[in-house]
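Structure, as structure tokens:
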Amino acid sequence: MALTIQEDVNYAVKDIVEGAEYELRVSAINESGSGDPSPPSAIVCAKNPNMAIKKTSRVPGVLITQYVEQLPLGKSTPDFTRKAVAMSVQEGKKACFKVMVTGEPAPIVTWGRSKGEVDDPEKYNTRYDELTEEHILEILNVKLDQADTYKCFASNEYGKAVCSATLNVVEVGFKKKRQTANGTQDFRSMLKKTKKQLPPKKEGEIDPKLWELLLSAPKKDYEKICLDFGVTDFRWMLKRLNQMKKEREDEQAKVVETLENVKQIEVKPNGRAEFSFDMTLWDPNNAIHLYKDGTMIPYSHDENSKHSLKKTGTKYVFSIKDPQPEDAGFYQVDVEEANILTTDFHVPGVEFVAKIKDVKAVESEDAIFQCVLSTPLNRITWSKQDSSLEQNVEKYEITVSEDKLIHTLTVKDCKLADNGAYYAIAGIASSSASLRVEVDPNGHKGRKGTKTGDQDALINLALEQQAKLRKEKDHLEAAKYAQKNAADGAARAALGEGACRRDGSNDKMDGHEGDGIKENNVLGVGDNKKNDTDEKTKKELQTGRKGKKNIFVSGLSNAVANIGEQVELSCKLSSDAPKGCWYKNGKLLTKGDEVKMIKDGACHKLIIDCCKKDDAAVYCFEAEGRKSEATLIIQDPPKIDNDALEKFTEPVIVKAGDNAEWKLPFSSGAPGNVQWYKDDAELLPGLNVKTVISDSEGQLRLTKCQRKDSGEIKIKIKNEFGTTEAISKLIVLDKPTPPQGCVDILESGVKSVEFKWKPPKDSGGCPVTSYIIERQQVGRNKWCKLCEIPGENPSYHDTDVDPGRRYCYRIRAKNAVGISDYLQTEDIPAGVLRYPGCPRSPKVVSVFKDCISLTWCPPCDTGGTKILGYNLEKKKKGSNYWSLVNQGGPITDTMYAVKDVFEGAAYEFRVSAVNLSGPGDPSLPCDTVIARDPMKPPGKVTDLKLTSSNYTTFSLAWTKPKAVNGIEDEVQGYYVEIRPIENVEWFRCNTVPITRTSYTVLGLKAMATYWVRVIATNYGGDGEPQGCDNYIIAMPPPVKPKFKDRNMKTFVVVRSGNTVRLNINFEASPLPEIFWLKDGIPVPKHITITNTDKGSQLLIPTSEWSDTGIYTITVKNLAGQESVSVEVRVTDDPKPPGPVEMDQNIPGTVTLSWTPSPDEKRDNRLHYMVSERDSFKITWRTVAENIFNNKCTIVNILPGREYYFRVYAKNDVGLSPPSESLAFITKKEKAKFKLTMPPTKSLDFQAPPSFIVPLRRHIAPQGYECHMSCAVKGDPAPRVTWYHNNISLNTNTNYHITNVCGVCSLLILRVGAKDNGEYKVVIENKLGSAETSMTLNVRD
């Protein structure tokens, strides 16, 4: 829709639909027509302003529209946490936009573009990555017409968020110009992507291209790159370069994870120009752009294309196929917007006048390759196969002649590995030759190097090329001067001056007539011999005699020197025969001209000992018609007198608040600039900084100096010839800062307090001379000065304290300037009487008949004060009297030699620590020691044997060794050592010798094999060990498996859903293998089997009817095997039988029949029970039970009564609800009454014990009471015994057990973790026994 607006720049668009979204753009109209439209505006939603609120996102470029005025709690509008980024993609590649959105409820994400739709699945693919939580738009095969602005919309019921990103498509290859629909050319697709251009080089500044190249180059290439730009000293550039590198690395880190092995562009032997780097990208989809001179150029992955990229792993190699002069330029590689590499590709117009030639060398010789170029070059590239060769003192030497035409590669000490092709590459021209190394038959080493050809022939070629270049330069100079003369003549003609000057002299080329032509400081012959020299040179070249002429091997070089310094100019000829002359500005120099002229063979030197200003000139050396020329530049940088410098460098020391001044006279041959610095920060004139600068002196004054102003003061004097610096130091003295805390309390005793502190952090510039100590008793306001102590030791020992009181101290540091503020300690209490703890019992170090040496460890508790010493006491064995050994005072060391002993007497010793409060408790006495000379070790034990063993222990016994006088002394103890059979190291079981002749080794590994030995010992040492003949296995004697439970249940009934737990205890040795079977097959997986060395448990957590069966456990070991079976029946309360029917076939009887219970099919032990009640009684009695069919005949039915019947289904769990019959009535027939008394019989009520109500499982909380009970019957009354984990509880007073009328109860008042386990009740009488059990689980 288009609207035309007259002149006004404001307009209200009214033709809109509410709720729709619009973009607006505007174009200007003049007489020629309508111009190009502006870029579209942001998306505008046509809604009520009160209902559409614009919000700002944290992510720049995201527009959020909120639909409601106030958001509900916990809800939010959509937003982008990461928006799509603009990208440039080559035609035919895949483009990928990624966004991450937030919002509650979760927003719906859609995509769009400004010019077209994105609903074509063949071109566009939208998806959501759940792993990265990214919404992705993929453009599968980018075309030029897909270059557009793409938008992402995230919307929910509370608002909408929009972000956009631009896709630029780079055209690949050369294609015909496209025409748009109206026939005009589509210039958008023809535009090239451009990069921000580098600023142009300014006069006197470094070329920006040099900075870019240095940022991408390794440090070893800095000098080579700087020389190409004419920079000889680049050290001053390093600081700024490092800063720029850090900024560049920060920029690269946004897109690049690692960047290594960056190599500048080089022409390879295969004719391709290549540059490469190793790079790992954070996002592999990031675009990589290649620029030449700031313009993006397309590249391909096809090596046959002009510009190609080859990627192998993380290595990227860009190459230019068949490089031409037009390919020279400034190449840059960018990833997104970050620059990765910058390289400069030069293609000089140079050719090989003489190419390198094949070389054959003998092993250990030097091989030399040489070539001659058509144009002087500073360096060329030497390579072997595909690797460039660098200057290497040990292997490769690369040299260039003075005229830079002859380039030489020397391969030193040739080896067979040096065979191969070598290349010389100059620009895009290359020359190759091979090196063939042969084995030296004579074994000589270090022969003279071989060369690629005649050295004289190469020099002749170089001279010819030099003459050619000189001739071309002559023609160029002549053309320039002719053009200048023509211009001057035209100017004079215009002024009417004619062809001659007023003095009648001819107009000549000033300073150029007869001058030699310069080329690399090597000139032709003198002023008026130029033509003759040229003819002579031509003639010599034609006759081949030029090789015999002397030439400059190295010419003069320009030099720079300061006034007063020595300078030397030197050159070297090809032979030492000729003599030459030195000239200064064309004037012949003699020995009287304050110079030294020295000839050393072929080397000629000119030395000026003390340079002056008038020594600056052009110096020339001439020999046999050849000249070499150089310019000497004399500089006069700023100078400082040594005495003034020495005085300036002395530190300036002032007190805080005083002023500091510096003055430094200097001399400078040119106007200069003076700058002052403090700690490398420039001092500018200000309130406290005053500077006075003149042509010969610099002054600095700092007023009201503070301690923080201390530091290095530097003056920098700079002129056009150089810079001179001088450094001084400012020291501002002030009072010290307070001593550093916290205070460490060293002693808090009854009579003294000692503490220490740290010296002040800042001593004020001069040493701390002393510390002033003040003290205040806590509770009082008065501070009293105690003393002033030297400053070397920051600690104080206060001996004037009262026990139990608390003190506070102030400490001030003092130096020559003043006294610091104080450091106040916390309250320090003076100790009360507190004795030290007891040390460990003394240890005997050595024993003799007249001396016993002891040692001990200090106590852990010192009583709050330092230990002054120790009291050592002794007593004879059997006595109770302890006597003090150290009568002269406490022992200050922790070892002592007791000499007051009697030979043969047995002693015990103990020690107590002494502090300021007094001696503490004594230690435990040491082992009894006998005062006698050292003993001899005892002999071997005898009759070592194994007495018993199990899986973790075994017991040994042996016989005491006999003492042999003078050879083996009496034994005092024994050590037992074991060694696992797989180890080589013995382990001692007892650290203290045992006196018994038997020992039990504990903590063994079951079924492990050990070697055992016993060592007898005494004070003289250990005797020889005695081991067993065979190894010992940690296991009990072999025992056939046997089940230990006498009253083991063989039939278990469990209600469906309850837990089935079968505990089988057995004994067997060695450890047996245990197998469980159910009905002859392995138990199912849902059954848990737990095995121990003494039993096994089968556990079914939740039983089902299918778990019914016979479970068999088999225990098997080397000694045999044993099995036992337990029948487990899982059932439930039976369901009642069906309706009951009655039939009377015989008088006095009734036959009942009923429908079977539904459980009858799956429970083969289910049966029925019948109860009856007549109209004369109100109680039911059982008339039949254990009925396994569905019929029952009831007898003794009396006429005239009503009978009621109930039929129950019964199984091992209990009874079902009854099925009741209707009333059964028979008519009474009167008959004669006859009474027949049956014979009387005596009744026997005795019965074996049984449980009416068994125990039930209990779960009780910890700390609560638990009550469990069961009901029993039997005649005679059975004896009841309670068990917990097979341990009787009848005599345990922790349980309350009662038995009232057959109801047996057990009460636990407070249940604890120890009460977990199985509880069992066993009832017994003379007719039998019975038991019931249950498990108590205690939960936290």
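Please read these numbers as outputs of a predicted model, since none were measured by experiment.
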Using side-chain hydrogen bond (donor to acceptor under 3.5 Å, both in side chains), reason through S912 and R910 one step at a time and then give a plain yes or no. CA-CA 7 Å; S912 59; R910 68 181 185 184; over 6 Å; no

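- L1255 CG to R1257 CZ: the interatomic distance, rounded to the nearest 0.5 Å, is 14.0 Å.
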Can you check side-chain contact (heavy atoms from CB on, under 4.5 Å) on Y1319 and N1285, steps first, answer last? CA-CA 6 Å; Y1319 286 79; N1285 292 335; over 6 Å; no

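- At most 12 heavy atoms of other shown residues, nucleotides or ligands fall within 6.0 angstrom of atom NZ in K1116.
- Taking OH from Y896 and CG from L854, the interatomic distance works out to 10.5 Å, rounded to the nearest 0.5 Å.
- For T1335 (side chain) and G1317 (main-chain N/O), no donor-acceptor pair under 3.5 Å exists by modelled atom type.
- The aromatic ring centroids of Y870 and W856 lie less than 6.0 Å from each other.
- In terms of heavy atoms, A830 sits closest to Y807 at CB-CE1, 4.3 Å.
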Give every donor-acceptor pair under 3.5 Å between a side-chain atom in residues 842-851 and any protein atom, sequence neighbours left out.
{"from": "S846", "atom 1": "OG", "to": "S853", "atom 2": "OG", "distance (Å)": "3.3"}

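- Formation of a donor-acceptor pair under 3.5 Å by the T862 side chain with backbone atoms of K866 is not found in this model.
- Here the side chain of N886 pairs a donor or acceptor atom with the backbone of G889 at under 3.5 angstrom.
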Check the pair C808, I828 against side-chain contact (heavy atoms from CB on, under 4.5 Å), reporting the backbone distance first and the verdict last. CA-CA 6 Å; C808 185; I828 302 176; over 6 Å; no

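- Applying the side chain to side chain donor-acceptor pair (under 3.5 Å) rule to R1339 yields no partners; only residues at least two apart in sequence or on another chain are considered.
- Going from atom SG of C1266 over to atom CG of L1309 covers 11.0 Å, rounded to the nearest 0.5 Å.
- Among all heavy-atom pairs drawn from Q1026 and V941, the shortest one is CG-O, 3.3 Å.
- At least one donor-acceptor pair closer than 3.5 Å links the side chain of N990 to the backbone N or O of V992.
- In this structure the side chain of F954 reaches within 4.5 angstrom of the side chain of L1004, judged on heavy atoms.
- Rounding to the nearest 0.5 Å gives a distance of 5.5 Å between CG of D1022 and CD1 of I1015.
- The nearest pair of heavy atoms linking T952 to N950 is N-OD1, 3.0 Å.
- Residues N1290 and S1288 bring no donor and acceptor atom of their side chains to less than 3.5 Å of each other.
- In this structure the side chain of Y907 never reaches within 4.5 angstrom of the side chain of K877, judged on heavy atoms.
- A 4.5 Å side-chain heavy-atom check between I867 and P858 finds every atom pair outside the cut-off.
- For CD of E1024, the number of neighbouring non-hydrogen atoms (other residues, nucleotides, ligands) closer than 6.0 Å is 12 at most.
- Side-chain N or O atoms of N1117 include one that pairs as donor or acceptor with a backbone N or O of G1120 at under 3.5 Å.
- Neither side chain, T1112 nor S1123, offers a donor N or O lying under 3.5 Å from an acceptor on the other.
- Contact check for H1258 versus M1334: side-chain heavy atoms found under the 4.5 Å cut-off.
- In this structure, Y1264 and V1311 have side chains that are not in contact, with every pair of non-hydrogen atoms separated by 4.5 Å or more.
- Under the 4.0 Å criterion applied to side-chain N and carboxylate O atoms, R988 and E977 are assigned as salt-bridge partners.
- For the pair T928 (side chain) and E908 (backbone), a donor-acceptor distance under 3.5 Å is absent.
- Shown here is Y1031, whose OH atom has no more than 12 heavy atoms of other residues, nucleotides or ligands within 6.0 Å.
- From T1281, atom OG1 reaches atom NZ of K1320 across 10.5 Å, with rounding to the nearest 0.5 Å.
- Counting non-hydrogen atoms of other residues, nucleotides and ligands closer than 6.0 Å to CD of Q1097 gives a total above 12.
- D1029 places none of its side-chain heavy atoms less than 4.5 Å from the side chain of L944.
- Within a 6.0 Å radius of CG in D927, no more than 12 heavy atoms belonging to other residues, nucleotides or ligands are found.
- Within 6.0 Å of atom CD in Q824, more than 12 heavy atoms from other residues, nucleotides or ligands are found, so the atom counts as buried in its surroundings.
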I'd like to know whether I1308 forms a side-chain contact (heavy atoms from CB on, under 4.5 Å) with R1310, so could you lay out the CA-CA distance, the side-chain angles of the two residues, the decisive distance to 0.1 Å, and finally the verdict. CA-CA 6 Å; I1308 305 174; R1310 290 179 62 86; over 6 Å; no

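- Side-chain atoms of K876 never come within 3.5 Å of backbone atoms of Y881 as a donor-acceptor pair (strictly under, hydrogens ignored).
- For the atom pair CG of L1099 and OG1 of T1088, the computed distance is 5.5 Å after rounding to the nearest 0.5 Å.
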Go through Y1295 and D1315 one step at a time and tell me if the side-chain hydrogen bond (donor to acceptor under 3.5 Å, both in side chains) criterion holds. CA-CA 11 Å; Y1295 300 86; D1315 296 317; 3.3 Å; yes

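- In terms of heavy-atom proximity, A1016 sits nearest to G939 at CB-O, 3.6 Å.
- Within the 4.5 Å cutoff, the side chain of W958 has heavy atoms near those of the L956 side chain.
- A donor-acceptor pair under 3.5 Å links the side-chain atoms of S923 to the main chain of V911, judged by distance alone.
- Between V801 and S752, the shortest heavy-atom contact is CG2-N, 3.5 Å.
- Counting only distance, with no hydrogens or angles, the side chain of N915 and the backbone of Y835 share no donor-acceptor pair below 3.5 Å.
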Walk me through whether T1000 and S955 qualify under side-chain hydrogen bond (donor to acceptor under 3.5 Å, both in side chains). CA-CA 4 Å; T1000 300; S955 300; 2.9 Å; yes

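- Shown here is K1044, whose NZ atom has more than 12 heavy atoms of other residues, nucleotides or ligands within 6.0 Å.
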For E792 and V768: C-alpha separation, side-chain torsions, deciding distance, then whether side-chain contact (heavy atoms from CB on, under 4.5 Å) applies. CA-CA 8 Å; E792 292 81 9; V768 175; over 6 Å; no

Run the side-chain donor-acceptor check on residues 965-974: report pairs under 3.5 Å with partners two or more places apart or on a different chain.
{"from": "D969", "atom 1": "OD2", "to": "K936", "atom 2": "N", "distance (Å)": "2.6"}
{"from": "E970", "atom 1": "OE2", "to": "K960", "atom 2": "NZ", "distance (Å)": "2.5"}
{"from": "Q972", "atom 1": "OE1", "to": "Y1019", "atom 2": "N", "distance (Å)": "2.9"}

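- In this structure, R996 places its CZ atom where only 12 or fewer heavy-atom neighbours from other residues, nucleotides or ligands lie under 6.0 Å away.
- Listed for the H1284 side chain is a donor-acceptor partner under 3.5 Å among the backbone atoms of N1316.
- Contact check for Y1283 versus S1333: no side-chain heavy atoms found under the 4.5 Å cut-off.
- For Y771 and W757, the gap between ring centers is short of 6.0 Å.
- Here the closest heavy-atom approach between residue L868 and residue T892 is recorded as O-CG2, 4.1 Å.
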